Amino acid sequence: MSNQLQSTTSQGTLGMRQKVYANFVEISKYPERDIYQYDVVVMPERGEFKKLPPPAYMRSVFDAAMGEHRQGKLKGIVMVYDSRKIAYAPERVCGAKETLELEVSYKEDGRAEKYVIRLREAAVVNTKILTEFIRGRGGIEVGEIQAALNALDLAIGSVLHLEMVGFNRSFFTREQSLATTGGLELWRGFSFSVRPGMDRLYLNVNTAVTAMYTAGSLLDGLVRVVGVREPSMLRGRLTRDGVRDMGDVVKYLRGLQVYCSHRGLRGKHKFSVRGTTARALDQESFDWEDPSRPGRTENVTVAEYYLRRYNIKLNFPFLPGITDRRRSVFPIEFCSVAENQRFKGSLNERQTGDMVKFACQQPSKNMDRIVDILKKRQLGSSAIVQSFGLSLPSRLTEVESRVLAAPAIEYGSGQRQQQQQRQQRQQRQQQQQQQQQQQQQQQLAVAFEPHGGAWDMRGKQVKRPGDELKYWAVLVLAGKSQAPEGAVQSFVTALVSGCRQCGYHIEEHRPPITYGNASADIAREMAAALRGIRSPAGAKPQLLLVVLPTTSLQVYQAVKHCAYRTLGIHTQCMQSKHVRRPNAQYCANLCLKINAKLGGVNQALLQSGLQEVLRGKPTLFMGCDVTHPAPGEQHRPSIASVVGSTNLEASRYAATLVQLPSRQELVGKLQEVVVRHLKLFHRATAVKPRRIVFYRDGVSETQFTQVRDRELIEIQRACASLETGYRPEITFLAVLKCHNTRFFPMGRDGDRTGNCVPGTVVDRSVTMPGLTDFYLFSHAAIQGTSRPTHYYVLHDDAQFSADAIQQLTYSLCYTYAICTRSVSLVPPVYYAHRVAARARCHLLDMGVGFEEAGSETSSASTAAVGAAIPGIATKIIKVSADLDAEMYFM
């Protein structure tokens, strides 16, 4: 296996050409010389840090040292620092094997501390490698240019840190901020990063938003978190036992930096919150020796201590105190939240809604903000930027794009064109003529080409209905006041009618309706509902429609866990609010989900078009993603989800879940997984795949070679293990959704939201040198600024042309089973995301929690491949045999 990625610069030609703006600024000049990397150790004058201070503090100490020593020991040389352990300089500041020590006194909040900074040369970064890379000279991996890119990123970031609050490569300001619930506020900002392009180096600039703590009174913040009107209403709700059941409070306090200040203290005491006391301060006690009574120790409450020691009577003694890592106790009323702190926890539903609205801006407004920040900051005129040899204009780059044609989609033979329906209604002719028209309509092609990336089910029927629904039941976990039995039956009637119109038949029109308790044993409630189904001996229940009382994730996960692992039955969950007001569109959406679960096909690509791209070769499409535990949950496993198509038209998929050691990115047992999907494909089609197209999500560019080589070998071994000489063509693509590249249409070339139209593809200028990669807008944006998906072809036995792989990927995006829209992500990966989201349901009995599966799962992870935390076995997670090969995850 070659250590290098497949090197080609193939570009497509199909589609209408048009220019778009990219959020890239061409770096017209950059250094082609050595940059010096230094290891940085910051130490207190006495002792050492048990834990490094926050990055902002470390940067301030470093900047103070630079200001004090630049014209002395540093010989006027500029240095830029990553706030932890690395710094870069455009020239040597000391001998290659020497250690330079800088002493500095840094004052914060009235307290001065002395530090020693030790600098030692760690590496020499030759930026000429950037020129070789962007010109496509072979043999250079993305990881090899990372140090040079990091140095240039830090040079630019150091300028932005002077006026904005920075976190890694993102920088924010409180201007135009928005207060949200829970003691938080939303800030706008930008991300900046240097990116290689085709024969060019660029600065990528994108808008960003983040959640920040609202600075000020901690007491006021907790009032907002808990959602009460005044501090007195916090009584009994913040003690340690109470906090355990208040996730928002725990998330808010975890790691929060606060100041404590009262008249008994000199200046302010700053610390990170560790937790709260178990009891209120008028009950929490400790042994104390009163200075006025030396030698006498007595047990006093914290409230009594403050009264006797500082003559301060607490206003809120019924509240707990907060503790630091030394377990010192501080009254909440004396504490204030420090400024410029980013909230690292997950947002609740209300906060998420505010974030979405806050971040959602028209493309033209986002582009204007990017242009405006470039003009305001004038990065190219900065002395720091110039010292590193960079020259930056302030205008966005124009790149060429193409708009691919939408594929033809097939529905069932009941499909009618609206125009033909109108003609049929208008014509009032003799019976013979009407019969002729009906015969002609039956002969009409059932395929059509969507416009604008969206369509509806009016006049259409599913391409192939699944198993006829005979044995099913309804379980209502909401109360009868929320979902009266008459309303439930009326909804069932509407659902049966809606499914019939969509071409799917439900034979049992009056399934048994059972009411259950959402707080009880869900497995028992589901089993009781299933016992009410009237079915002959040996016939298994097909579906349980579950009406949920709320959007509670806990109840939903319990239902799915029982269905997947115990009962082996398809479930369809819905909110009780839909029972009272059933509408045709909602029922049609449920129909698509039910039909997919019960073996049907809702829509498919016109086979003549698909097979033309595939050159008639049976093809197994696979998608893979890895989701990791939430931060701080290293004892919990990562989960790999793999899906594979099970028919020739790539419209049905089966799924496999693999438990991995925590934070591991490489998919263990992939050979076994691929063997399973090859067998499922053969069992369903009676042919062996002659080609495998594998879409891999969740890896960064620096991991491409390792992931591709390791996983490609596993795929090849899987094929060889089934039959000697069996070597289907393998095409391996990486998929990145979490990136900061945006494109803006010119003039009137955009859609109604101002975004690039579906089918827009960019495969030049700002793409990766030496690779076949492309950005694809495969969906129509509903609101905000659309983000394209970035596809990289890392290996290609099939030798697809750029046009073929782009058109194939785009066409597949019209086959997502439960959507009458083209989707933003190729369906094999989209399905893998859904399966990853269901992982928490599979492992409910283990209490496993995961990062949100979706566009931002493991693709946001930049941890090195193989940097897994040991102790968790790699194993395939089994589902019930009755669901094993079905699309239960829809």
Side-chain angles (χ1 to χ4, degrees), residues 411-412 414-415 455-516 518 525-526 529-530 532-535 539-551 555-556 559-560 563 567 569-603 816-821 886-890:
Y411 271 92
Q415 175 182 333
W455 61 98
D456 57 47
M457 288 295 294
R458 286 180 295 183
K460 302 179 183 69
Q461 295 184 355
V462 297
K463 176 175 170 54
R464 186 166 60 250
D467 295 337
E468 194 173 76
L469 188 54
K470 300 178 181 179
Y471 314 121
W472 65 300
V474 181
L475 172 61
V476 185
L477 294 177
K480 289 193 175 183
S481 59
Q482 282 181 280
E485 188 167 358
V488 175
Q489 183 56 60
S490 296
F491 177 84
V492 169
T493 301
L495 177 62
V496 171
S497 175
C499 287
R500 183 173 61 251
Q501 292 177 12
C502 290
Y504 178 69
H505 183 61
I506 298 179
E507 181 176 308
E508 177 56 79
H509 291 191
R510 298 186 66 86
I513 298 172
T514 304
Y515 282 81
E525 302 293 315
M526 293 174 67
L530 294 177
I533 296 176
R534 297 175 291 275
S535 60
K540 294 183 178 181
Q542 296 170 283
L543 178 76
L544 184 63
L545 179 67
V546 183
V547 181
L548 301 175
T550 65
T551 58
V555 176
Y556 175 82
V559 169
K560 293 297 183 180
L567 298 176
I569 185 174
H570 290 294
T571 54
Q572 181 58 58
C573 294
M574 60 174 289
Q575 296 299 315
S576 59
K577 64 182 181 180
H578 295 295
V579 168
R580 290 182 177 273
R581 295 186 302 274
N583 64 69
Q585 183 61 51
Y586 184 76
C587 290
N589 291 341
L590 286 187
C591 173
L592 296 181
K593 292 183 177 183
I594 294 171
N595 188 51
K597 289 173 180 176
L598 294 183
V601 173
N602 294 328
Q603 78 263 16
Y816 190 61
I818 58 174
C819 195
T820 55
R821 304 177 65 90
E886 302 296 333
M887 296 180 74
Y888 66 87
F889 47 86
M890 300 308 293

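Please read all numbers here as calculations on a predicted model, not as lab measurements.
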How long is the gap from [atom1] on [X] to [atom2] on [Y], to the nearest 0.5 Å?
{"X": "Gln482", "Y": "Leu477", "atom1": "CD", "atom2": "CG", "answer": "10.5 Å"}
{"X": "Leu530", "Y": "Glu525", "atom1": "CG", "atom2": "CD", "answer": "11.5 Å"}
{"X": "Lys577", "Y": "Thr551", "atom1": "NZ", "atom2": "OG1", "answer": "8.5 Å"}
{"X": "Arg500", "Y": "Gln461", "atom1": "CZ", "atom2": "CD", "answer": "11.0 Å"}
{"X": "Arg458", "Y": "Thr820", "atom1": "CZ", "atom2": "OG1", "answer": "10.5 Å"}
{"X": "Glu886", "Y": "Asp467", "atom1": "CD", "atom2": "CG", "answer": "7.5 Å"}

For the residue pair [X] and [Y], what are the closest heavy atoms and their distance?
{"X": "Tyr504", "Y": "Glu468", "answer": "OH-C, 4.1 Å"}
{"X": "Pro512", "Y": "Gly532", "answer": "CG-O, 3.3 Å"}
{"X": "Met526", "Y": "Leu475", "answer": "CG-CD2, 3.8 Å"}
{"X": "Pro541", "Y": "Ile533", "answer": "CB-CD1, 3.7 Å"}
{"X": "Met887", "Y": "Ala596", "answer": "CB-O, 3.9 Å"}

Within the structure provided, determine whether [X] and [Y] are in side-chain contact (heavy-atom separation under 4.5 Å).
{"X": "Ile569", "Y": "Tyr471", "answer": "no"}
{"X": "Arg580", "Y": "Pro484", "answer": "yes"}
{"X": "Cys502", "Y": "Leu592", "answer": "no"}
{"X": "Gln542", "Y": "Lys470", "answer": "yes"}
{"X": "Thr550", "Y": "Val555", "answer": "no"}
{"X": "Tyr515", "Y": "Glu485", "answer": "yes"}
{"X": "Met457", "Y": "Gln501", "answer": "no"}
{"X": "Phe491", "Y": "Val547", "answer": "no"}

Q. Between the side chains of Lys560 and Thr571, is a donor N or O closer than 3.5 angstrom to an acceptor N or O?
A.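 Looking only at side-chain atoms, Thr571 and Lys560 do form a donor-acceptor pair, the distance falling under 3.5 Å.
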
Q | His570 and its side chain to side chain contact (heavy atoms under 4.5 Å, CB included) partner, picked from Leu544, Leu543, Ile594 | A |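 Output: one option passes, namely Leu543.
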
Q | Option from Cys591, Pro465, Cys587 for which side chain to side chain contact (heavy atoms under 4.5 Å, CB included) with Cys499 holds | A |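 Only match with Cys499 under side chain to side chain contact (heavy atoms under 4.5 Å, CB included): Cys591.
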
Q.
Under the criterion side chain to side chain contact (heavy atoms under 4.5 Å, CB included), I'd like the reasoning laid out for Gln489 against Val474: C-alpha separation, chi angles, the key distance, then a yes or no.
A. CA-CA 9 Å; Gln489 183 56 60; Val474 181; over 6 Å; no

**Q.** side chain to side chain contact (heavy atoms under 4.5 Å, CB included) evaluation trace for Trp472 with Gln572
**A.** CA-CA 11 Å; Trp472 65 300; Gln572 181 58 58; over 6 Å; no

Check for a donor-acceptor pair, side chain of [X] on one end and backbone N or O of [Y] on the other, with a separation under 3.5 Å.
{"X": "Ser497", "Y": "Thr493", "value": "no"}
{"X": "Lys597", "Y": "Met890", "value": "yes"}
{"X": "Asn602", "Y": "Val462", "value": "no"}

Q.
Tell me whether the rings of His578 and Tyr586 are parallel (<30°), tilted (30 to 60°) or perpendicular (>60°).
A.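 Rings of His578 and Tyr586: parallel, under 30°.
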
